[in-house]
Amino acid sequence: MMQWSMRISAYSERLLQGLKTLDWPQPLKDSQEYWIGKSQGAQVRFNVEGHDEIVEVFTTRPDTIFGATFMVLAPENPLVETITTAEQKAEVDSYIEETSKKTERDRMADVKNVSGAFTGSYALNPFSGEKMPIYISDYVLMGYGTGAVMAVPAHDERDHRFAKKFNLEIKKVVETDEDVQEASFDSKDSVCVNSDFLNGLNYNDAKALIISAIEKKGIGHGTTNYRQRDAIFSRQRYWGEPVPIYYKDGMPYTLPTSALPLELPEVEKYLPTEDGDPPLGNAKVFAWDEANQKVVDTNLIDEKTVFPLELSTMPGWAGSSWYFLRYMDPKNDEVFAKKELSDYWGQVDLYIGGSEHATGHLLYSRFWNMFLKDRGYINQDEPFQKLINQGMILGMSAFVTRYGVSYKAVSEDGLDFITVPVTFYVSKNRLNNFSDIQNIYLEKAKQNLLVHNGYNKDKKYSIEIIIETSNTQNIHVDISLLKGTSDELDTEAFKAWRPDYADAEFILEDGKYITGREVEKMSKSKYNVVNPDDIVAQFGADTFRMYEMFLGPIEMSKPWDTKGIEGVHRFLKKMWRLYFDEQRGWIVTDDTATEPELRALHKTIKKITEDIERFSFNTCVSQFMICVNELATLNCHKREILEKLAVLICPFAPHFAEELWHQFGHSSSVVAADFPRYEEKYVVENSKMYPVAVNGKTRVELEFPLDMEQASIEKEVLADPTIIKWLEGKAPKKVIYVKGKMINVVV
RNA sequence: GCCCUGGUGGCGAAACUGGUAGACGCGCAGGACUUAAAAUCCUGUUUGCAGCAAUGCAAGUGCGGGUUCAAGUCCCGCCUGGGGCACCA
């Protein structure tokens, strides 16, 4: 099938180099770097004995060429056809047939399963002069390098496995004590042996020397390879941007700019055509009239002036790679964004997204951006200068345990056997100890026996043994069946939940059924989904927003736990009470703020300002709590403090801040207010309570002025009774004094 | 297999450049206000030992070593949860 591809591989090196300029998480950069997969080595041509054909290989280890004892081609390599000998043809053909049936997934699945076939031909090692049998095997991929490798079994794991399987020579060319007959030794930290003029050279020197030798011989050259492939751009589905291309004599032509954008045609069904064409093949009006320059009825196609349009559509990333540029100038009919505007807005300042886009969207988007820059449409090399990965909010699944035990009832005369199953839903902590609940099961087994249809009431039975205990099932239950925010199951609700559970019987602990809890992705099938709308309805959007921030660092995944939300809600109510009294209403005064009040405020301004910069929102919320606790203790209701505090909290609780701001008499929005500035003078202290340690263990706290000389501090520290006690009469070796931090006396 | 990430109280977490581990919040326990409840406020809450108590001592950040006056933080070797990639020569 003919497919459109984006030649992203032409940008591999720039995409790799560009990573150095980005403020992105290292793991994300690593995975792009790995995906691009740059490797440096050499391309080398090998002569084939008795043929004019040559086999060209790519290798990153040309320094091990003296250890290359055989050759492996990809089964799809066109050379296979010509070099396979008559005797080997049947074997090779059947191997190709076999591998072509395997899907790529199958191929990957049995990495350990070595397979291949001998072509019957030999290549000649240009340096050792040895004959190298040529094999084919599916561990060599046609799509990478040249689709052929020189196999160095002593120093490559895959080649080693292959050599073992087909009994091929393994020749050590890198110094090591390991037995290369047993396992390959793949280190790059190596020195050449058995390699003629390379002997004694390390990896880097040997590589440089052999590449120049290869070039001198005229059989190859040093080269760089990228693992990254071109990206298939065609999609055989309806929804997507149509490709503005028409075909004339089988050749593609672009539509004129005036015909753009080419819109999706109407179709009756979004399915492929009977001939197997994509859904656009069903369109009635989707042909290009070259003479009249417009899209016309498909029936009019005559291949003279009316031609068929491309039927495949573009993939999702055709749009997702550059939509943000359009945001800069959304109403422009001429271009996607006027250059002056995209220059003005520049790059996306901050991109928050998941790391799952590492090798897809985020790479395509960079590529696309570079291309647009090369064409002169925009000015930035990179679309997203700063990027952070947010963690996922996970669900807290709940489980009940259905625990089944079978008993064997034997009649007194030993003639009748009845199997009596007993099943209970067992509360979490009673499950650990079966002997504890054994009697409950046994009692139930006796009851069940009496109603068993095999039961003969004229006989006496003894219930003996458990014949099966393995019937334990953990069943997801909907978290709405829990009581409040606890782990306790509402057993009646559970019974009503599903007909299967209507007759459920429980073994409780302290009168409660406690479910097992586990952190999993939120998913309907796991019944652990918490709907934000419900939380917002109950607590308000500000509480919800702040609680999400308070949960922990933004880049970490964490379970949603509704329990803690009360704390944030209480905090907002407490802060509100600094401004409002239930009876008296607005209680903010114009009194002058005191030193402790100003210190509380400015400590907070400092922390919030710094923590916002490093995206540490959870610690911001903590600081607000500390501040409000302090102001409440100080009984502070002063405008000088509280007005700034309201602005400060605006990014965290915007509705709340807006309301307070208006109460202060402002008519404009709080978002337009100046963000409070930290002033150091309110926070500086001139003394510090120092932890004083003896040999690293803190023993006492002593207060000293910050500008006190070390010598005087030492004198006072050594005179302190607690320190004297811990010195036990020994003379201190030295005293470590870190200004503003701590003091340590070393004995 | 390879790459990345995390592991700190009963729980979510804090400790930014090595410098008082557990801030802040939840939960729990006790108390105040109230006829009662809600709301609110106060006290305690890492563990162990001693003490009526204030307090004191010891241990403690997944495990084992190391560097340092000082390690949750740095180094070496492991264990373990999560995510991604996977025959790329």
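Order of the sequence lines fixes the chain letters, A, B, ..., with proteins taken first and strands second; residue numbering starts at 1 for each chain. Owing to the predicted nature of the structure, the values given are computational and were not obtained by experimental measurement.
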Looking only at atom C1', what distance separates B:U46 and B:C41, rounded to whole Å?
26 Å
Side-chain atoms of A:R158 come closest, of B:A14, B:U40, B:C88, to B:C88
Could you tell me whether A:F58 contacts a base, only the sugar-phosphate backbone, or nothing, with contacts defined as non-hydrogen atoms closer than 4.0 Å?
base
Look at A:Y144 and B:A89 and indicate whether a side-chain polar atom (N or O) is within less than 4.0 Å of OP1 or OP2.
yes
Separation of the C1' atoms in B:C78 and B:C28, to the nearest angstrom:
37 Å
Let me spell it out: for each of A:D30 and A:W35, pick the nucleotide of RNA chain B with the closest heavy atom. Which residue's pick is nearer the 5' end?
A:D30
Using the benzene-type ring in the case of Trp, are the ring centres of A:Y226 and A:W35 under 6.0 Å apart?
no
Using a 4.0 Å heavy-atom cut-off, does A:S31 contact any base of the nucleic acid, only the sugar-phosphate backbone, or nothing at all?
nothing
Any side-chain heavy atom of A:M549 sitting closer than 4.5 Å to one from A:N618?
no
If the P atom of B:G66 is compared with that of B:G12, how far apart are they to the nearest Å?
32 Å
With respect to the phosphate group of B:G25, does any side-chain polar atom (N or O) of A:N629 fall under 4.0 Å of OP1 or OP2?
yes
Please check the phosphate of B:G27 (OP1 and OP2 only) for any side-chain N or O of A:R570 closer than 4.0 Å.
yes
Rounding to an integer number of angstrom, what distance separates B:A86 and B:C4 when you compare their C1' atoms?
14 Å
For A:V746, report the nucleic acid contact type (base, sugar-phosphate, nothing); a contact means any heavy atom under 4.0 Å.
sugar-phosphate
For B:A70, does OP1 or OP2 lie under 4.0 Å from any side-chain N or O of A:R699?
no
Nearest-angstrom distance, C1' atom, B:U34 to B:G82:
50 Å
Donor-acceptor pair under 3.5 Å, A:S622 side chain vs B:A23 base
yes
Can you list, pair by pair, the side-chain donor-acceptor contacts under 3.5 Å of residues 539-546 of chain A, counting residues two or more places apart and other chains?
| residue | atom | partner | partner atom | Å |
| --- | --- | --- | --- | --- |
| A:D542 | OD1 | A:H655 | N | 3.3 |
| A:D542 | OD1 | A:H655 | ND1 | 2.9 |
| A:D542 | OD2 | A:H655 | N | 3.4 |
| A:D542 | OD2 | A:F656 | N | 2.7 |
| A:T543 | OG1 | A:F539 | O | 3.2 |
| A:T543 | OG1 | A:H569 | ND1 | 3.0 |
| A:R545 | NE | A:P651 | O | 3.1 |
| A:R545 | NE | A:F652 | O | 3.4 |
| A:R545 | NH2 | A:P651 | O | 2.8 |

Identify whether the glycosidic angle of B:G9 places it syn (within 90° of 0) or anti.
syn
Rounded interatomic separation in angstrom, taking CG from A:N695 and P from B:C69:
11 Å
Rounded to whole angstroms, how far apart are NZ on A:K688 and P on B:G19?
12 Å
Indicate whether OP1 or OP2 belonging to B:A13 is found under 4.0 Å from a side-chain N or O atom of A:K558.
no
Whole-angstrom distance between B:U55 and B:U45, as gauged at atom P
9 Å
Does A:L551 reach a base, just sugar-phosphate, or nothing at all? Heavy atoms under 4.0 Å.
sugar-phosphate
Does A:K606 have more than 12 heavy atoms from other residues, nucleotides or ligands lying within 6.0 Å of its NZ?
no
Ring pair (Phe, Tyr, Trp, His ring centres under 6.0 Å) between A:F571 and A:W576: does it pass, once the steps are laid out?
CA-CA 9 Å; A:F571 155 73; A:W576 188 256; over 10 Å; no
Parallel, tilted or perpendicular: ring planes of A:W317 versus A:Y364, cut at 30 and 60 degrees
parallel
Tell me the interatomic distance from A:Y690, atom OH, to B:G19, atom P, rounded to whole angstroms.
15 Å
Does A:N474 reach the main-chain N or O of A:F399 with its side chain, forming a donor-acceptor pair under 3.5 Å?
no
When the distance from CE of A:M71 to P of B:A89 is rounded to whole Å, what number comes out?
17 Å
With the side chain of A:E610 defined as its heavy atoms from C-beta on, choose the nearest nucleotide among B:C87, B:C16, B:C88.
B:C16
Do the ring planes of A:F70 and A:Y135 sit parallel (below 30°), tilted (30 to 60°) or perpendicular (above 60°)?
perpendicular
Closest of B:A89, B:G6, B:C57 to the A:W726 side chain is B:C57
Can you tell which of B:C41, B:C87, B:C26 lies closest to the side chain of A:Y139?
B:C87
Would you mind reading off the distance between A:Q228 atom CD and B:C85 atom P, rounded to a whole angstrom?
15 Å
Expressed as a whole number of angstroms, how long is the span from A:F571:CZ to B:C26:P?
12 Å
Any A:F624 side-chain heavy atom under 4.5 Å of A:L648 side chain:
yes
Check whether any side-chain nitrogen or oxygen of A:R577 sits under 4.0 Å from OP1 or OP2 of B:A39, and answer yes or no.
no
Just checking A:Y139 against A:F162, ring centres under 6.0 Å apart?
yes
Would you indicate, yes or no, if B:A14 has its OP1 or OP2 atom less than 4.0 angstrom from a side-chain nitrogen or oxygen of A:N618?
yes
For atom CE of A:M549 and atom P of B:C24, their distance in whole Å:
21 Å
Across the strands shown, which category fits A:K607 at heavy-atom distances under 4.0 angstrom: base, sugar-phosphate, nothing?
base
Just call it for A:E582: base, sugar-phosphate, or nothing, with non-hydrogen atoms closer than 4.0 Å on any strand.
nothing
Compare the minimum distances between each of B:G6, B:U20, B:C24 and the side chain of A:P691, then state the nucleotide with the smallest one.
B:U20
When you get a sec, tell me which of B:U20, B:U5, B:A70 is the closest nucleotide to the side chain of A:P27?
B:U5
Among the nucleotides B:C88, B:A59, B:G6, which one has an atom lying closest to any side-chain atom of A:L141?
B:C88
With both pairing distances under 3.5 angstrom for Watson-Crick or G-U wobble, and | for a partner in another strand, the correct string for RNA chain B is (((((((..(((......[....)))((((((.......))))))(((((....)))))..(((((..]....))))))))))))....
Taking the six-membered ring for Trp, are A:F615 and A:F617 parallel (under 30°), tilted (30 to 60°) or perpendicular (over 60°)?
perpendicular
Short side-chain N/O contact from A:S39 to OP1 or OP2 of B:A89, under 4.0 Å:
yes
Identify whether any heavy atom of A:K697 sits under 4.0 Å from a base atom; if not, whether one sits that close to sugar-phosphate; answer base, sugar-phosphate or nothing.
sugar-phosphate
B:C24, B:C69, B:A89: which one has an atom nearest the side-chain heavy atoms of A:T59?
B:A89
Please work out if A:P559 contacts a base, only the sugar-phosphate, or nothing of the nucleic acid, heavy-atom cut-off 4.0 Å.
nothing
What nucleic acid atoms does A:W560 come within less than 4.0 Å of, heavy atoms only: base, sugar-phosphate, or nothing?
nothing
Over how many whole Å does the gap from A:K741 atom NZ to B:U20 atom P extend?
7 Å
Those residues that, when tested against A:R45, pass side chain to side chain donor-acceptor pair (under 3.5 Å) (two or more places apart):
none
Among the candidates B:C24, B:C87, B:A15, find the nucleotide nearest to the side-chain atoms of A:M625.
B:C24
Heavy-atom nearest nucleotide on RNA chain B for A:N744 versus A:E701: which residue maps closer to 5'?
A:E701
